[in-house]
Q: 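Structure below; questions to follow.
Quick caveat: nothing in here was measured; it's all calculated off a predicted structure.
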Amino acid sequence: MEEKKLYVGFAKGVNNPPIGMHIPGHGSVPRPSIGIKDDLFVYAVAFSDGENKGVLFNCDALGITTNGSRVIQNAVAERCGIDPNAVYIACTHCHTAMYLGGNVADKTWGFYHGRMISLFCDLAQFAFEDLKPSTMKIARGELHDVGFIRRYKMKDGSLRTNPGFMKPEVDCPDGIQDESLQLVRFEREGGKEIVLINFSTHPDVCGGQYYTPDWPGYTVETMK
């Protein structure tokens, strides 16, 4: 039996929302966007074994609605001739970006959503056109003292989120911090390497009214 070869491709594009849109993520606090501190990106990594194909998107976004995800999956699948179930969409959950797939009935949202669908389709196509023979390598470790658990058990038996630093009524954190760090590295013949970073902390370091991918964006630039 002939051994299948792994092929991997990459593409990225800017996905900045229109200025003036309300930035979600801080409850009912009004935050109309007033500018762009750092560009928000959509990254596409395409995979193939010569027979099966799939594409993974990672987005600088607060999240994505179920319907928005389905619309994008179907559009990408039609453009690239792949199964919609082979289209994966992940978001960094940064609180200085938008939800993907919002109220498309709204004129501004509708424009943004339509442009976004085209971007996903284009990036998937470009990533598949960039497929190159690749070798995958994985590394795992731990990164301590970066994140913290924000939900605490109180001495009165209740649970509270962000009760304040060193408060006497706090008993202990409600859980154990996940400090695992994982890297997936693709060495490609005739192409630049691709690295996927997996580390879980809540990207809500930056606030305010400017679009920015928060610490995941800084991590990407530092890694590059």
Q: Of all the heavy-atom pairs spanning A124 and A44, show the shortest one and how long it is.
A: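 Minimum heavy-atom contact is N-CB, 4.5 Å.
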Q: Atom CG of N198 and atom CG of L181: how far apart are they, to the nearest 0.5 Å?
A: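 Separation between the atoms: 8.0 Å.
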Q: Could you verify whether a donor N or O on one side chain and an acceptor N or O on the other, from D39 and N16, lie under 3.5 Å apart?
A: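 On atom types as modelled, these side chains qualify, holding a pair under 3.5 Å.
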Q: With a 4.5 Å cut-off on side-chain heavy atoms, are V184 and M136 touching?
A: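 The answer is yes, as the side chains (C-beta and beyond) meet within the 4.5 Å cut-off.
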Q: What's the verdict on side chain to side chain donor-acceptor pair (under 3.5 Å) for T65 and N67, showing C-alpha distance, side-chain angles and the deciding distance?
A: CA-CA 5 Å; T65 64; N67 182 65; 5.5 Å; no
Q: Does F128 have K53 sitting over its ring (NZ/CZ under 6.0 Å from centre, angle to axis within 45°)?
A: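 That pair qualifies as a cation-pi contact.
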Q: When rounded to the nearest 0.5 angstrom, what is the spacing between CD1 in I64 and OG in S69?
A: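 If we round to the nearest 0.5 Å, I64:CD1 and S69:OG are 4.5 Å apart.
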Q: Are the side chain of T222 and the backbone N or O of Y218 linked by a donor-acceptor pair below 3.5 Å?
A: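 Yes: the side chain of T222 pairs with the backbone of Y218.
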Q: For Y112 and L100, indicate whether the former's side chain and the latter's backbone hold a donor-acceptor pair under 3.5 Å.
A: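 Here the side-chain-to-backbone pair does not exist.
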Q: Less than 4.5 Å apart, any side-chain heavy atom of K137 and any of L183?
A: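 No; the side chains remain at least 4.5 Å from each other.
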Q: Tell me whether the count of non-hydrogen atoms from other residues, nucleotides or ligands lying under 6.0 Å of NZ in K132 goes above 12.
A: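 Check passes, neighbour count above 12.
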Q: So, the side chain of H22 versus the backbone of P32: is there a donor-acceptor pair under 3.5 Å, distance only?
A: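 A pair under 3.5 Å: no.
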Q: Is a side-chain N or O of S33 found less than 3.5 angstrom from the main chain of M21, in a donor-acceptor match?
A: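 Present.
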Q: Between CG of D156 and CG of D171, what distance do you get to the nearest 0.5 Å?
A: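 Spacing of CG (D156) from CG (D171) equals 9.5 Å.
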Q: Evaluate the side-chain proximity of F148 to P173: yes if any heavy-atom separation is below 4.5 Å, no if none is.
A: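 Side-chain contact under 4.5 Å: no.
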Q: Please check if the side chain of H95 supplies one atom and the backbone of D204 the other of a donor-acceptor pair under 3.5 Å.
A: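 No; judged by distance alone, with no hydrogens or angles, the pair does not exist.
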Q: In terms of hydrophobic clustering (I, L, V, M, F, W, Y; side-chain heavy atoms under 4.5 Å; direct or indirect links), are I138 and L56 co-clustered?
A: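 Cluster IDs for I138 and L56 match.
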Q: Run the side-chain contact (heavy atoms from CB on, under 4.5 Å) check on L6 and F186 step by step: do they pass?
A: CA-CA 10 Å; L6 174 65; F186 298 100; 4.1 Å; yes
Q: Donor-acceptor pair, distance only, cut-off 3.5 Å: does the side chain of R188 make one with the backbone of V8?
A: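 Confirmed, R188 side chain pairs with V8 backbone.
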Q: Do any N or O atoms from the side chain of D214 and from the backbone of P216 form a donor-acceptor pair under 3.5 angstrom?
A: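 Looks like no, no N/O pair under 3.5 Å.
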Q: In Å, rounded to the nearest 0.5 Å, how long is the span from CG of L131 to NZ of K5?
A: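 Result: 13.0 Å between the selected atoms.
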Q: Following the transitive rule for hydrophobic clusters with a side-chain heavy-atom cut-off under 4.5 Å over Ile, Leu, Val, Met, Phe, Trp and Tyr, establish whether F47 and I89 coincide in one cluster.
A: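 No.
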Q: Counting only heavy atoms not in D145, do more than 12 fall under 6.0 Å of its CG?
A: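 No, CG of D145 has 12 or fewer neighbouring heavy atoms, counting only those of other groups under 6.0 Å.
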Q: Closest heavy-atom contact between P17 and M98?
A: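 Closest approach of P17 to M98, heavy atoms only: CG-CG, 3.2 Å.
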Q: Mind checking whether V220 and V42 sit in one hydrophobic cluster, side chains of I, L, V, M, F, W, Y counted as touching below 4.5 Å?
A: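 No; tracing contacts between hydrophobic side chains, which count when under 4.5 Å, never links both residues.
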Q: I'd like to know whether D38 forms a side chain to side chain donor-acceptor pair (under 3.5 Å) with Y210, so could you lay out the CA-CA distance, the side-chain angles of the two residues, the decisive distance to 0.1 Å, and finally the verdict.
A: CA-CA 8 Å; D38 306 288; Y210 288 88; over 6 Å; no
Q: What is the minimum heavy-atom distance between H93 and L62, and which atoms define it?
A: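 Shortest heavy-atom separation between H93 and L62 comes out as ND1-O, 2.8 Å.
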Q: Please say whether more than 12 non-hydrogen atoms of neighbouring residues, nucleotides or ligands are located less than 6.0 Å from CG in L159.
A: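 Yes - once you tally the heavy atoms of other residues, nucleotides and ligands closer than 6.0 Å, there are more than 12.
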Q: Is it true that Q209 and R31 share a donor-acceptor pair across their side chains at a distance under 3.5 Å?
A: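 No, Q209 and R31 have no side-chain donor paired with an acceptor closer than 3.5 Å.
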Q: Is V29 linked to I34 within one hydrophobic cluster, defined over Ile, Leu, Val, Met, Phe, Trp and Tyr using a side-chain heavy-atom separation of less than 4.5 Å?
A: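 Result: no, two separate clusters.
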Q: With a 4.5 Å cut-off on side-chain heavy atoms, are V87 and F57 touching?
A: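 F57 reaches V87 side chain to side chain.
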Q: Nearest 0.5 Å, what's the OG1-CD1 distance between T219 and I197?
A: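 Taking OG1 in T219 and CD1 in I197, the distance rounds to 6.0 Å.
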Q: Rounded to the nearest 0.5 Å, what's the gap from NE2 on H202 to OG1 on T92? Could you check?
A: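 Spacing of NE2 (H202) from OG1 (T92) equals 10.0 Å.
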Q: What closest approach, in Å, do C94 and P213 show between heavy atoms, and which atom pair accounts for it?
A: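 Minimum heavy-atom contact is CB-O, 3.8 Å.
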Q: For residues I36 and I19, report the shortest heavy-atom separation together with the two atoms involved.
A: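 In this case the closest contact between I36 and I19 is CG1-CD1, 3.9 Å.
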Q: Should the pair F41 and Y43 be assigned to parallel (<30°), tilted (30 to 60°) or perpendicular (>60°) ring geometry?
A: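 The arrangement is tilted - the two ring planes meet at 30° to 60°.
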Q: Are M116 and V14 linked, directly or through other ILVMFWY residues, by side chains that come within less than 4.5 angstrom of each other?
A: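 The answer is no; the residues belong to distinct hydrophobic clusters.
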Q: Could you check whether any side-chain N or O of T96 sits under 3.5 Å from a backbone N or O of T212, counting only pairs where one atom can act as donor and the other as acceptor?
A: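 Here the side-chain-to-backbone pair exists.
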Q: Between F199 and S180, which heavy-atom pair has the shortest distance, and what is it?
A: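 Closest heavy-atom pair between F199 and S180: CD1-O, 3.3 Å.
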Q: One thing to verify: whether D174 and R151 come together as a salt bridge, which I'm taking to mean a side-chain N less than 4.0 angstrom from a carboxylate O.
A: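 Salt bridge: yes.
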Q: With a 3.5 Å distance limit and no angle check, can you tell me whether N15 reaches the backbone of L40 through a side-chain donor-acceptor pair?
A: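 Flag not set: sc N15 to bb L40 has no pair under 3.5 Å.
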Q: Within a reach of under 6.0 Å around CD of Q182, are more than 12 heavy atoms found that belong to other residues, nucleotides or ligands?
A: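 Yes, the 6.0 Å shell around CD holds more than 12 heavy atoms from other groups.
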